[in-house]
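Heads up: numbering here begins at 1 and tracks the sequence. Values in this document were obtained by computation on a predicted structure and should not be read as measured data.
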Amino acid sequence: MLRFDGRELAAVFVGGALGTLARAGFEELAAADPGRWPWPTFTVNIVGAFLLGYVTTRLLERLPVSSYRRPLLGTGLCGGLTTFSTMQVETVRMLEHGHLGLAAGYTVASLAAGLAAVVVATALVRRARLRR
């Protein structure tokens, strides 16, 4: 029988709501144009990747085990903040409008910068001295 922890689901919901509101607010800064670099989506995805790397490493390696921090911050906040699906739609729109180089650059830069953000965040957590 599948059991759900209501508090864990609430943590995901609260984190997701906060992340989604932050992304929506940031996306309002610039309208999407298939002929230009989609800075709002690119930025939230890289910031989200950095936060996920930081939160995951910190929770797993530095903090006591908690049932609700990972669902709140990792699944909820970072999941609501980042938007892989929007990146894909923007890429398809670029391709449909004949911006092949822009689409390829956006895809490669998004993946590379996201991976780099996770690596940097993880390294920062691991380099930080433990306070006693």
Side-chain angles (χ1 to χ4, degrees):
M1 179 176 196
L2 190 58
R3 299 183 100 162
F4 293 103
D5 180 344
R7 292 173 291 188
E8 185 175 338
L9 289 175
V12 171
F13 176 79
V14 169
L18 293 172
T20 301
L21 288 171
R23 175 175 35 100
F26 197 73
E27 292 276 346
E28 286 294 317
L29 295 175
D33 176 358
R36 295 180 183 226
W37 192 271
W39 284 109
T41 304
F42 182 79
T43 303
V44 296
N45 284 341
I46 305 315
V47 168
F50 181 88
L51 287 175
L52 187 59
Y54 181 88
V55 164
T56 301
T57 306
R58 185 147 171 88
L59 292 178
L60 291 175
E61 298 179 10
R62 297 283 194 235
L63 296 176
V65 175
S66 167
S67 298
Y68 308 110
R69 286 183 190 133
R70 184 191 52 78
L72 173 72
L73 300 172
T75 305
L77 181 69
C78 293
L81 179 64
T82 59
T83 176
F84 185 74
S85 56
T86 300
M87 183 195 118
Q88 296 305 305
V89 169
E90 290 167 344
T91 302
V92 167
R93 288 188 67 218
M94 289 173 195
L95 292 171
E96 290 174 344
H97 286 85
H99 304 292
L100 305 178
L102 183 62
Y106 179 50
T107 300
V108 170
S110 293
L111 295 173
L115 180 58
V118 171
V119 168
V120 168
T122 299
L124 288 173
V125 172
R126 289 181 176 158
R127 287 179 67 186
R129 295 166 92 181
L130 291 175
R131 295 183 182 173
R132 296 175 195 233

Would Thr43 and Phe26 count as a side-chain contact (heavy atoms from CB on, under 4.5 Å) here? Give the steps.
CA-CA 9 Å; Thr43 303; Phe26 197 73; 3.6 Å; yes
Full working for side-chain contact (heavy atoms from CB on, under 4.5 Å) between Leu51 and Leu81:
CA-CA 10 Å; Leu51 287 175; Leu81 179 64; 4.0 Å; yes
Kindly indicate, with the supporting measurements, whether the criterion side-chain contact (heavy atoms from CB on, under 4.5 Å) is fulfilled by Trp37 and Leu102.
CA-CA 7 Å; Trp37 192 271; Leu102 183 62; 3.7 Å; yes
Between Thr41 and Thr86, is a side chain to side chain donor-acceptor pair (under 3.5 Å) present by the stated rule, with each step listed?
CA-CA 7 Å; Thr41 304; Thr86 300; 5.5 Å; no
Check the pair Thr107, Gln88 against side-chain contact (heavy atoms from CB on, under 4.5 Å), reporting the backbone distance first and the verdict last.
CA-CA 8 Å; Thr107 300; Gln88 296 305 305; 5.7 Å; no
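Residues Leu77 and Leu72 share a hydrophobic cluster, clusters being chains of Ile/Leu/Val/Met/Phe/Trp/Tyr side chains in contact below 4.5 Å. In the hydrophobic cluster analysis, where Ile, Leu, Val, Met, Phe, Trp and Tyr join through side-chain heavy atoms closer than 4.5 angstrom, Val119 is grouped apart from Leu111. Follow the hydrophobic side-chain contacts under 4.5 Å out from Tyr54 and you never reach Leu115; the two are in separate clusters. Side-chain heavy atoms closer than 4.5 Å link hydrophobic residues (I, L, V, M, F, W, Y) into clusters, and following such links, possibly through other members, connects Val44 to Val47. The hydrophobic clustering, which links ILVMFWY residues whose side-chain heavy atoms are closer than 4.5 Å, places Leu59 and Leu18 together.
For the residue pair Gly53 and Ala121, the shortest heavy atom distance occurs at C-CB, 3.9 Å. Of all non-hydrogen atoms in Pro34 and Met94, the two that sit nearest each other are O-CG, 3.4 Å. Considering every non-hydrogen atom in both Arg93 and His97, the closest pair reads O-ND1, 2.8 Å. When all heavy atoms are compared, the tightest approach of Cys78 to Gly74 is CB-O, 3.2 Å.
Note that CD1 of Ile46 and CH2 of Trp39 are 9.5 Å apart. Values are rounded to the nearest 0.5 Å. Separating the CG atom in Leu73 from the CG atom in Leu52 is a distance of 10.0 Å, to the nearest 0.5 Å. Here Phe50 contributes atom CZ and Thr122 contributes atom OG1; the two are 9.0 Å apart, rounded to the nearest 0.5 Å.
Proximity of a side-chain donor or acceptor of Arg23 to a complementary backbone N or O of Gly80 within less than 3.5 Å is detected. Judged purely by atom type and a 3.5 angstrom limit, His99 has no side-chain atom pairing as donor or acceptor with the backbone of Leu95.
Between Phe42 and Tyr106, the ring planes lie tilted relative to each other; the angle falls in the 30° to 60° range.
Side-chain contact between Arg7 and Pro71 is absent, with no heavy atoms from C-beta onward closer than 4.5 Å. The side-chain heavy atoms of Met87 and Thr83, taken from C-beta on, include no pair separated by under 4.5 Å.
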